[in-house]
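For reference, the structure discussed in these notes is given below.
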Amino acid sequence: MKEEIRRLLREKNGVLLAHNYQPAEIQDVADWCGDSLELSMKAAQSDADLLVFCGVHFMAETAAILCPDKAVLLPRLDAGCPMAGMITPRQLEARKQTLPGIPVVTYVNSPAAVKALSTVCCTSANAVQVVESLHVPEVLMTPDRNLARYVASRTKTRVHFWDGCCPIHDAIRATDVHQAKNAHPQAIVMAHPECRMEVLELADQVLSTSGMLRFAKASNHREFIVGTETGLLHSLRKENPGKTFYPLSDRMLCPDMKKIALADVLHCLKTLQGRVRVPEDIRKSALGAVQRMLKVTG
Ligand code: 13P
Ligand code: SF4
């Protein structure tokens with residue numbers, strides 16, 4: 001199946017992008033693996049006509065926002081992100097009325113129509129930098145309350161938060177960190193900012209998925225506890241054969257990120273089904289918010 005996927009990608013001038021949480025066999029057949037933003041930027045830079053995005057819906061949408069001339073396919077259209085489903089444009093409009101004049105910083109894990117109503121987007125890798133770049137006393141951060149609390153702990157800006165979260169990261173508690181540390185006392189704890197503050201406070205490093213990959217590679221430490229979705233362990237282990245990685249918890253498994261199988265990729269390449277489109281008016285406004293973020297992070 002992998003050979004057939006690669007052959008069809010060549011034939012159709014396509015590239016296959018896989019998020020760091022995807023199943024190992026999908027990561028292994030991809031042109032690029034990365035975090036949500038890196039993948040969209042790779043997509044925008046490529047001269048491919050077709051982008052097969054193995055991740056969840058908001059990621060394919062972000063690629064469609066940045067690449068209007070390319071066809072973006074999501075091999076399983078039912079792969080969504082529950083956090084992105086915790087906010088709607090109508091709800092955001094109503095909240096904005098209660099916070100007049102306050103800029104809205106929206107995590108990329110959100111629907112395109114919500115990005116379109118936001119001042120600027122951010123990712124887990126650049127949220128603090130994006131908020132500080134605004135030079136304002138207050139912001140509203142959506143939709144992840146944990147990322148918002150983390151940013152509030154790192155800046156002087158007052159952060160109003162939206163009551164959304166990633167159910168997978170939010171389910172982890174301080175007791176899980178204590179247990180993992182007791183089992184592996186020499187290991188460095190890396191945690192994703194979608195985790196609760198009680199977890200982040202116990203972590204040695206708070207990093208995005210690609211931040212974890214870079215940190216583990218550069219570090220002299222040999223053992224790491226990985227506080228994010230367990231799909232990341234595949235790349236960590238592959239890139240660092242001499243180092244050992246333990247999941248912070250076996251419960252850190254995102255069912256949506258595990259929906260796409262090789263057979264789905266093959267099917268979508270053969271049929272070109274699974275196209276993700278963003279209406280042009282929404283795309284243009286959302287692009288403004290994404291581009292303002294890209295300007296901040298260079
Ligand atoms: P990053 O890969 O951008 O760190 O995001 C994590 C995540 O949960 C994506 O769904
Ligand atoms: Fe969404 Fe969490 Fe799954 Fe990422 S890991 S796609 S934030 S539910």
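Numbering of ligands and ligand atoms starts at 1, following listing order.
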* Asked: Leu50 and Leu269: side-chain contact (heavy atoms from CB on, under 4.5 Å), yes or no, with the steps?
  -> CA-CA 9 Å; Leu50 179 70; Leu269 271 166; 3.9 Å; yes
* Asked: Val105 and Thr119: side-chain contact (heavy atoms from CB on, under 4.5 Å), yes or no, with the steps?
  -> CA-CA 6 Å; Val105 180; Thr119 314; 5.9 Å; no
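Side-chain contact between Val52 and Leu9 is present, with heavy atoms from C-beta onward closer than 4.5 Å. With a 4.5 Å cut-off on side-chain heavy atoms, Met41 and Leu294 count as touching. Using a 4.5 Å heavy-atom threshold, the side chains of Val226 and Tyr246 count as separate. Met83 has its side chain out of reach of Ser110: every pair of non-hydrogen atoms, C-beta onward, lies at least 4.5 Å apart.
The aromatic rings of Phe215 and Phe224 lie perpendicular to each other, with more than 60° between the two planes, well past the 30° mark.
Interface of Glu194 with ligand 2, defined as ligand atoms under 4.0 Å from a residue heavy atom, comprises 2 (Fe), 7 (S). Taking every non-hydrogen atom of Asn109 and a distance limit under 4.0 Å, the qualifying atoms of ligand 2 come out as 7 (S).
Under the 4.5 angstrom side-chain criterion for Ile, Leu, Val, Met, Phe, Trp and Tyr, the cluster partners of Leu140 are Ile87, Leu92, Leu99, Ile102, Val104, Val114, Leu117, Trp162.
Of all protein atoms, those of element N, O or S that lie under 2.8 Å from atom 3 (Fe) of ligand 2 number 1.
The neighbour count for Asn182 CG, taken as heavy atoms of other residues, nucleotides or ligands under 6.0 Å away, is above 12.
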Pairs under 3.5 angstrom only: tabulate donor-acceptor contacts from the side chains of residues 55-68 to other protein residues two or more places apart or in another chain.
{"from": "Glu61", "atom 1": "OE1", "to": "Ala112", "atom 2": "N", "distance (Å)": "2.8"}
{"from": "Thr62", "atom 1": "OG1", "to": "Phe58", "atom 2": "O", "distance (Å)": "2.7"}

Show me the short polar-atom pairs for ligand 1: any N or O of it lying under 3.5 Å from a protein N or O, with distances only.
{"from": "ligand 1", "atom 1": "2 (O)", "to": "His19", "atom 2": "NE2", "distance (Å)": "2.8"}
{"from": "ligand 1", "atom 1": "2 (O)", "to": "Thr209", "atom 2": "OG1", "distance (Å)": "2.6"}
{"from": "ligand 1", "atom 1": "3 (O)", "to": "Ser36", "atom 2": "OG", "distance (Å)": "3.1"}
{"from": "ligand 1", "atom 1": "4 (O)", "to": "Ser124", "atom 2": "OG", "distance (Å)": "2.9"}
{"from": "ligand 1", "atom 1": "4 (O)", "to": "His192", "atom 2": "NE2", "distance (Å)": "2.8"}
{"from": "ligand 1", "atom 1": "4 (O)", "to": "Thr209", "atom 2": "N", "distance (Å)": "3.1"}
{"from": "ligand 1", "atom 1": "4 (O)", "to": "Thr209", "atom 2": "OG1", "distance (Å)": "3.4"}
{"from": "ligand 1", "atom 1": "8 (O)", "to": "Glu194", "atom 2": "OE1", "distance (Å)": "3.3"}
{"from": "ligand 1", "atom 1": "8 (O)", "to": "Glu194", "atom 2": "OE2", "distance (Å)": "3.1"}
{"from": "ligand 1", "atom 1": "10 (O)", "to": "Asn109", "atom 2": "ND2", "distance (Å)": "3.4"}

